[in-house]
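Everything below concerns the one structure shown next.
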Amino acid sequence: MTYVQAVRILWLAGLVGGLACIGAPFLSLRLQSFQGDEATYYMIAQSLALDGDLRYTRADLYRVYRDFPDGPQGLFLRTGRDGDLFYAKSFIYPLWVAPFFRLLGVNSFVFVNVVLLWVVWILGFRWGHALGWPPGQALLWSLAFIGLSVVPAYAVWLTPEVFNFATVFIALFFLWYPDLRSANGPPRWWDLVGATVAGMGTFSKPVIGVLFIVATGTLLVRRRWGRWIRWVVGGGLVALSLFSLYWWNVGDWNYMGGLRKTFYGYFPLETPSLTFERLGIYHSADITYEQEHYIDVRTVVQDVFYYFVGRYAGVTWYFTPALVGLGMAFRRLQARSVWLLVGFALMVGAFIVSQPHNYLGGGGTIANRYFLCVYPWTFFMVTAPPRGRTLGLTAAVAAVFSLPIVMAPFLTARSPWRYATGPVHAWLPLEYTQLENLPSNTYPHGFNVPFPDPGRPDYFAFFLNDAFYPREGPGFWVRGGQTLRMVLKRHQPFAGVRIHLQNGPVPDHRVRVRFGSAWFQLRLHSREHRTLELATPRGYRVRNVWMWPVEISAASGFVPAFEEPGHRDRRYLGVFVVIEPWTPASAGSGGGSP
């Protein structure tokens with residue numbers, strides 16, 4: 001493939017992608033509802049496009065209901081200096097969407113996301129070509145870096161994940177590409193472009209400001225004083241200007257600070273009686289670090305492990321090309337790769353240390369959405385075209401984990417708990433430190449369910465898949481022919497546990513049970529009741545919380561409507577389970593420890 005042919009492919013792909021974003025019925029494909037932080041960003045873009053401001057008004061809310069019957073679930077608002085309500089998120093990503101909003105509506109978000117991914121593909125191709133790679137290999141790897149990860153799935157989200165990914169990628173490109181292009185030095189405007197993009201990214205997500213630390217290091221070590229001034233001072237002024245603009249509108253530079261709330265169900269100004277003061281959940285970043293976070297060495301070490309190989313968000317499974325870059329960086333340490341590793345480590349460390357229980361971005365995310373702004377660092381670590389074996393292995397891992405997500409982005413966005421329920425995923429380590437923010441917690445009836453008595457719960461259950469039916473009294477039914485995976489959470493260890501199993505009219509029913517580290521293989525007769533007793537079951541501890549993995553398989557099942565005349569229950573039931581805490585005589589009053 002020649003350079004000209006590669007360029008033609010890039011332009012053709014951009015044209016097709018842009019036209020598809022304009023014509024596709026994205027609103028109907030998204031089932032007319034928001035996910036995560038989408039409501040806030042959508043309303044900011046709408047307000048900027050139609051009203052030219054950041055104020056939340058009743059007219060803004062009215063327009064949302066026109067296209068989204070469920071309303072702006074998850075909306076973030078805060079009060080301003082004059083008592084008016086303002087949107088409590090960064091406005092830089094919606095600002096880029098706003099010019100297209102009047103014409104394209106919700107499609108404007110997808111259009112901007114796709115254009116950004118296209119620009120990243122072009123710059124990635126230019127980078128590989130500047131390193132001396134054949135045009136075909138440069139084009140293929142830059143596409144594989146994007147496509148063999150979950151990044152494309154976020155193109156249909158109305159959130160700034162793709163924007164953050166692109167700003168870091170573009171900034172890094174303009175920081176180092178001039179060194180490859182010419183020995184005479186780059187045009188000055190190149191530095192200004194990179195610095196401007198880095199400043200916008202920092203305003204979108206402050207941790208992206210690590211770019212300025214790396215730029216300072218790499219430019220000052222080489223005594224590039226002019227470039228440092230343009231890059232760091234210029235980019236810092238861009239970020240400062242954006243924060244100042246928010247302060248000028250709202251009266252506070254921090255869009256996540258002040259009196260900030262998130263709203264579900266009912267929204268301020270919907271009726272005169274529904275006010276900001278009466279509604280919402282307080283959610284302000286002004287809470288001190290010591291109150292909301294803590295530095296616990298054991299948790300940080302666990303998080304580092306989960307960060308790379310965790311079941312729901314492991315970089316290895318959902319951003320596989322990153323391993324190629326990291327491998328090359330450690331194998332061939334150069335000045336550039338050292339600074340790239342420093343930037344990568346600083347950003348990963350910032351997320352893990354500052355958010356030890358939510359480094360992946362919240363319960364409704366796909367994989368690790370915060371990693372999208374870290375991921376670009378690994379592209380520039382690749383110094384040579386990946387070999388066919390490396391590329392094939394990367395594609396194979398992606399085919400199992402990330403490509404199914406990318407091929408059904410709307411389904412995954414609607415039900416993010418599904419993507420990690422396959423048989424292969426069960427063998428991967430579960431992120432116990434992230435239990436309350438796992439994507440599985442978006443499944444109805446499956447999050448933090450109190451047992452055995454909802455009024456006086458003794459423990460809480462987190463169901464990781466849908467192989468069960470909603471609770472009935474102190475227990476629940478496992479679906480027939482399926483394997484249920486769940487986690488029990490308690491603020492003190494179990495001294496002992498009784499597991500009651502009630503079989504239906506299924507003869508010789510094979511049931512398998514795992515509780516903590518204990519396994520049981522059972523055969524139950526028709527209508528048989530069996531009780532298993534465990535003294536001091538071993539589990540996992542994260543700070544002051546104890547957790548136990550539970551796995552229950554029912555080989556077969558029955559439909560009550562087929563077994564009993566007049567019965568209307570058509571569920572396929574496997575085995576009824578009740579998990580009851582108890583204190584063995586040998587345990588005394590002290591209990592046990594997992």
Side-chain angles (χ1 to χ4, degrees), residues 18-80 84-115 154-163 249-250 255 260-276 278-281 364 409-416 442 444:
L19 292 176
C21 292
I22 294 173
F26 286 112
L27 183 60
S28 59
L29 289 172
R30 298 184 74 261
L31 302 178
Q32 300 182 339
S33 64
F34 292 113
Q35 288 94 32
D37 296 334
E38 289 183 331
T40 309
Y41 289 107
Y42 179 88
M43 294 191 72
I44 295 174
Q46 172 190 257
S47 186
L48 289 172
L50 303 180
D51 302 325
D53 59 33
L54 296 173
R55 279 182 168 83
Y56 167 83
T57 65
R58 195 166 187 267
D60 292 346
L61 184 62
Y62 186 86
R63 288 190 294 249
V64 169
Y65 275 109
R66 181 183 58 192
D67 293 329
F68 294 89
D70 293 339
Q73 304 294 334
L75 176 65
F76 280 91
L77 298 174
R78 59 160 297 162
T79 56
D84 287 349
L85 300 181
F86 291 86
Y87 298 106
K89 288 285 185 181
S90 170
F91 63 79
I92 187 63
Y93 169 60
L95 183 65
W96 282 92
V97 174
F100 309 99
F101 190 88
R102 282 181 176 270
L103 179 64
L104 301 178
V106 70
N107 286 34
S108 58
F109 288 86
V110 185
F111 177 76
V112 169
N113 290 342
V114 169
V115 169
Y154 278 100
V156 301
W157 284 57
L158 316 185
T159 55
E161 269 57 57
V162 170
F163 178 83
N249 277 272
V250 180
Y255 48 77
R260 181 176 186 256
K261 292 183 176 182
T262 181
F263 299 88
Y264 295 89
Y266 298 95
F267 309 96
L269 309 184
E270 192 169 349
T271 66
S273 61
L274 297 177
T275 63
F276 180 86
R278 292 183 57 189
L279 302 173
I281 304 169
F410 296 102
L411 176 62
T412 309
R414 184 68 175 176
S415 303
T442 60

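The aromatic ring centroids of Tyr255 and Phe91 lie 6.0 Å or more from each other.
Separation of atoms OG1 (Thr57) and CG (Leu85) is listed at 10.0 Å; rounding is to 0.5 Å. Between the OG1 atom in Thr79 and the CZ atom in Arg260 there is a gap of 12.0 Å [rounded to 0.5 Å]. With rounding to the nearest 0.5 Å, the separation of CG in Asp60 from CG in Leu75 is 9.5 Å. Annotation: the span from Arg58 atom CZ to Leu274 atom CG amounts to 10.0 Å, rounded to 0.5 Å. Annotation: the span from Met43 atom CE to Leu50 atom CG amounts to 11.0 Å, rounded to 0.5 Å. If you take CG on Asp70 and OH on Tyr264, they are separated by 13.0 Å, rounding to the nearest 0.5 Å.
The two residues Tyr65 and Gly71 have their closest heavy-atom pair at CE2-CA, 3.6 Å. Nearest heavy-atom pair, Pro94 versus Ser90, reported as atom, atom and distance to 0.1 Å: CD-O, 3.7 Å. Closest heavy-atom contact between Ala98 and Ala45: CB-O, 4.0 Å.
Evaluation of the salt bridge (charged side-chain N to carboxylate O under 4.0 Å, His left out) test over residues 92-115, restricted to residues two or more places apart or in two chains, returns none.
No donor-acceptor pair under 3.5 Å is formed between the side chain of Gln73 and the backbone N or O of Ala39. The backbone N or O of Arg78 lies less than 3.5 Å from no partner atom in the side chain of Lys261, so there is not a single donor-acceptor pair. Put simply, the side chain of Ser47 gets close to the backbone of Asp53: a donor and an acceptor are under 3.5 Å apart. Here the side chain of Glu38 pairs no donor or acceptor atom with the backbone of Thr159 at under 3.5 angstrom.
At least one side-chain heavy atom of Leu61 sits less than 4.5 Å from a side-chain heavy atom of Pro72. Counting heavy atoms from C-beta on, the side chains of Val114 and Cys21 come closer than 4.5 Å.
The ring pair (Phe, Tyr, Trp, His ring centres under 6.0 Å) test with Tyr42 is passed by exactly one of Phe34, Tyr87, Tyr93, Trp157: Phe34. Tested against Leu77 for a side-chain contact (heavy atoms from CB on, under 4.5 Å), the candidates Phe267, Tyr56, Phe86 yield a single pass: Tyr56.
Cation-pi contact between Lys89 and Phe76: present, with separation from the ring centre below 6.0 Å and deviation from the ring axis of at most 45°.
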Task: Chi angles and distances behind the ring-ring contact (aromatic ring centres under 6.0 Å, His included) call for Phe109, Tyr41 - done: CA-CA 10 Å; Phe109 288 86; Tyr41 289 107; 8.4 Å; no
Task: Derivation of the side chain to side chain contact (heavy atoms under 4.5 Å, CB included) call for Val106 and Asp67 - done: CA-CA 9 Å; Val106 70; Asp67 293 329; over 6 Å; no
Task: Working for side chain to side chain contact (heavy atoms under 4.5 Å, CB included), residues Thr271 and Tyr266 - done: CA-CA 9 Å; Thr271 66; Tyr266 298 95; over 6 Å; no
Task: Derivation and outcome, side chain to side chain contact (heavy atoms under 4.5 Å, CB included), residues Ile22 and Asn107 - done: CA-CA 6 Å; Ile22 294 173; Asn107 286 34; 5.9 Å; no
TODO: Run the numbers on Asn113 and Tyr154 for side chain to side chain contact (heavy atoms under 4.5 Å, CB included), then give the verdict.
DONE: CA-CA 8 Å; Asn113 290 342; Tyr154 278 100; over 6 Å; no
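Ion pair Asp51/Arg63 flagged as a salt bridge, since at least one NZ, NE, NH1 or NH2 atom sits closer than 4.0 Å to an Asp/Glu carboxylate oxygen.
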